[in-house]
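Down below is the structure, laid out as structure tokens.
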Amino acid sequence: MAEFCLDCWNRLNHTSYTERDFIRSEELELCEGCAKFKPIILAERKTQSLWHKILFFDFFD
């Protein structure tokens with residue numbers, strides 16, 4: 001799997017994600033896009049709002 005920093009990810013995919021949208025590495029690793037040592041993206045953060053959680057529990061109770 002390719003390892004990209006947030007800046008390169010946004011540039012390659014024409015997006016504007018922020019640090020809050022992804023889980024990133026704690027250590028500095030080599031980004032394959034810019035060839036600099038930066039935290040790379042590990043996974044997309046799956047967030048659910050409180051409203052979605054309330055609807056889910058009310059519907060299935």
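Heavy atoms only: backbone and side chains are in, while hydrogens, waters and symmetry mates are out. Predicted model only: the values in this text are computed from it and were never measured.
With sequence neighbours left out, the side-chain hydrogen bond (donor to acceptor under 3.5 Å, both in side chains) criterion links Thr18 to Asp21.
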Distance-only donor-acceptor pairs under 3.5 Å for side chains of residues 22-31, two or more places apart:
{"unit_1": "Ser25", "atom_1": "OG", "unit_2": "Glu27", "atom_2": "O", "d": "2.9"}
{"unit_1": "Ser25", "atom_1": "OG", "unit_2": "Ile40", "atom_2": "N", "d": "3.0"}

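The CZ atom of Arg45 lies 10.0 Å from the CD atom of Glu19; values are rounded to the nearest 0.5 Å.
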